[in-house]
2 protein chains.
Amino acid sequence: MSRRSGVLEFAVLGLLRESPMHGYELRKRLNTSLGVFRAFSYGSLYPCLKTLVQRGWLTEEHEPARPPQQSERLERDALTGSLTGRRAKIVYRLTASGREHFEELLSQTGPDAWEDEHFGVRFAFFGQTSREVRMRVLEGRRSRLEERLAKMRASLARTRERLDDYTLELQRHGMESVEREVRWLTELIESERTGRDREAGTDSGPPPRRFGDAGTRPRHRGAAPPDPSEDTA
Amino acid sequence: MSRRSGVLEFAVLGLLRESPMHGYELRKRLNTSLGVFRAFSYGSLYPCLKTLVQRGWLTEEHEPARPPQQSERLERDALTGSLTGRRAKIVYRLTASGREHFEELLSQTGPDAWEDEHFGVRFAFFGQTSREVRMRVLEGRRSRLEERLAKMRASLARTRERLDDYTLELQRHGMESVEREVRWLTELIESERTGRDREAGTDSGPPPRRFGDAGTRPRHRGAAPPDPSEDTA
DNA sequence: TTCGTCATGTAATGGGTTACATGATTAC
DNA sequence: GTAATCATGTAACCCATTACATGACGAA
């Protein structure tokens with residue numbers, strides 16, 4: 001009933017900070033831009049939007065369904081090419097206090113930033129996060145994973161004999177995944193450290209949009225054939 | 001109120017099939033043997049056990065708290081070294097119909113076997129699963145992941161320009177993880193195919209305990225220093 | 001005697017999904 | 001005209017967690 005989600009709330013605020021949107025579009029962005037990890041349904045999104053409005057972090061703008069009329073249509077098509085005025089219903093916009101709240105969330109470190117459920121979404125908004133916070137979050141997550149690795153290794157050492165090959169293989173693959181993420185984090189941390197050029201190093205403002213050696217990283221195969229599929233993966 | 005979980009239920013039946021246990025021990029096994037992926041709390045385990053009893057798949061044996069008495073203690077310590085009679089309270093045991101039910105679950109293929117939430121636990125009990133089913137599950141999961149990869153690539157091709165470097169890096173890492181799991185599955189499928197020696201290929205019975213080249217796979221570093229830590233990772 | 005672990009449970013809450021209901025607009 | 005997609009929402013449920021309550025045992 002209360003809808004004070006955490007991840008969803010954070011992501012909604014973050015996306016709306018970039019630009020106002022209506023619910024449907026918001027959901028698509030949620031499930032593509034950020035969506036490798038989580039997929040949200042309307043059943044959670046719309047109620048969440050409502051409570052965010054109630055708290056004064058968002059405003060609703062009811063854009064009347066606007067039937068396609070005389071010259072207006074031509075104007076719209078000619079000027080915007082597409083999207084802008086299509087047929088939207090309720091546009092949500094971040095308020096000043098909403099922005100303030102989001103910035104406070106952004107600045108928080110601690111377990112709530114690097115546990116499994118939160119880390120992904122925090123990383124997704126690193127572009128709007130100060131370098132100090134980014135560092136703390138990356139390092140926090142890494143040490144969390146290293147801790148987990150230690151326990152896995154200890155547990156494996158204790159139980160190895162009792163386990164059959166499949167269970168063992170599952171364990172091994174799981175550990176390898178965690179080790180891989182640790183290496184990834186280490187690279188990212190290195191990038192952050194190296195990348196201390198530009199502005200002396202305060203907090204927010206128009207944040208730096210590029211980090212470390214991002215450009216030199218292998219960018220993966222060239223674009224798959226155009227596929228009209230959308231929505232959840 | 002109803003506790004008909006799926007994953008938890010499956011795991012409990014599977015563990016109890018190997019040997020009877022009480023709840024506390026069950027939970028530890030859940031969170032180590034199978035626990036890279038999920039950790040369950042007592043709040044879910046105990047109610048689950050109750051409903052499994054109600055459905056006739058489990059029996060409860062109330063083992064009286066048994067205060068340490070005269071010779072019995074010595075006997076126990078001498079014979080079992082530890083564990084066996086320590087202080088257990090309620091031992092759960094799989095019934096015949098419970099075993100039957102579990103075997104039916106084991107034989108099921110379809111999305112419910114290879115989606116994210118279920119695949120791990122299904123794999124963990126591959127030691128008790130027939131080769132045909134193992135193959136279907138592995139192949140099902142692989143094609144599911146390939147499907148997902150296709151969507152990710154398409155979506156990336158559509159949105160690449162609009163995304164900042166961190167979002168892009170997150171996307172890239174996510175795709176790499178999926179690709180890695182696909183390669184892992186491919187290796188496993190190869191192992192399964194190659195490993196058609198031994199018994200002609202019926203169904204269950206005392207199931208084959210080894211698969212493919214499991215022995216030759218790099219088994220990862222040698223045992224971490226003994227660590228008394230337990231419980232959830 | 002106090003702390004850690006073993007051991008079992010319940011009530012409240014959380015954070016989400018599914019299925020449903022509704023309807024406008026666009027593309028074929 | 002009909003199918004797909006855009007668009008918004010609600011109610012019922014699901015699966016789990018957290019916090020709490022309770023208590024015995026072993027070791028320092």
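Protein chains get the first letters and strands the later ones, always in sequence-line order, with residue 1 at the start of each.
Applying the 4.0 Å criterion to OP1 and OP2 of D/dT8, one finds that A/Tyr42 has every side-chain N and O outside that range. At C/dC6, one or more side-chain N or O atoms of B/Lys28 fall inside 4.0 Å of OP1 or OP2 (strictly under the cut-off). When the side-chain nitrogen and oxygen atoms of B/Ser44 are compared with OP1 and OP2 of D/dC15, none of them lie within a distance under 4.0 Å. Between A/Tyr24 and D/dC6 there is a side-chain N or O to OP1 or OP2 distance below 4.0 Å.
With values rounded to the nearest 0.5 angstrom, B/Arg99 atom CZ is found 11.0 Å from B/Leu13 atom CG.
Side chains of A/Thr32 and B/Arg158: a donor-acceptor N/O pair is absent below 3.5 angstrom, by distance only.
In this structure, the CG atom of A/Asn31 is 13 Å from the P atom of D/dC6, given to the nearest Å. The OH atom of A/Tyr46 sits 16 Å away from the C1' atom of C/dT17 (whole-angstrom rounding). Distance B/Glu25 CD to C/dT8 P: 10 Å, rounded to the nearest Å. Atoms CG (B/Leu26) and P (C/dG9) sit 12 Å apart, rounded to a whole Å. Regarding A/Leu45, its CG atom lies at a distance of 12 Å from the P atom of D/dT10, rounded to whole Å. Look at CE on B/Met21: it is 15 Å from C1' on C/dA7, rounded to the nearest Å. As rounded to whole Å, 10 Å separates atom C1' of C/dT22 from atom NZ of A/Lys89. With rounding to whole Å, A/Asp116 atom CG is found 16 Å from C/dG15 atom P.
Of the candidate nucleotides D/dA16, D/dT8, D/dG9, D/dG9 has the atom lying nearest to any side-chain atom of A/Tyr92. Distance from the side chain of A/Lys50 is smallest to D/dT10 among C/dG9, C/dT18, D/dT10.
Relative ring orientation between A/Phe10 and A/Phe125 is described as perpendicular, the plane-to-plane angle rising above 60° on a 0-90° scale split at 30° and 60°. Between B/His22 and B/Tyr24, the ring-plane angle classifies as parallel under the 30° and 60° cut-offs. Aromatic ring pairs are classed by plane angle as parallel below 30°, tilted from 30° to 60° and perpendicular above 60°; the pair A/Trp184 and B/His173 is parallel.
Annotation: salt bridge (charged side-chain N to carboxylate O under 4.0 Å, His left out) contacts of B/Asp112 (sequence neighbours excluded): none.
In this structure, A/Arg27 fails the cation-pi test against A/Phe40, since its NZ or CZ atom is not both closer than 6.0 Å to the six-membered ring centre and inside 45 degrees of the ring normal.
Axis angle across the helix from C/dT1-D/dA28 to C/dC28-D/dG1, with five pairs used at each end and values rounded to 10°: 30°.
Across all strands, B/Phe10 comes closer than 4.0 Å to no nucleic acid atom at all (heavy-atom distances).
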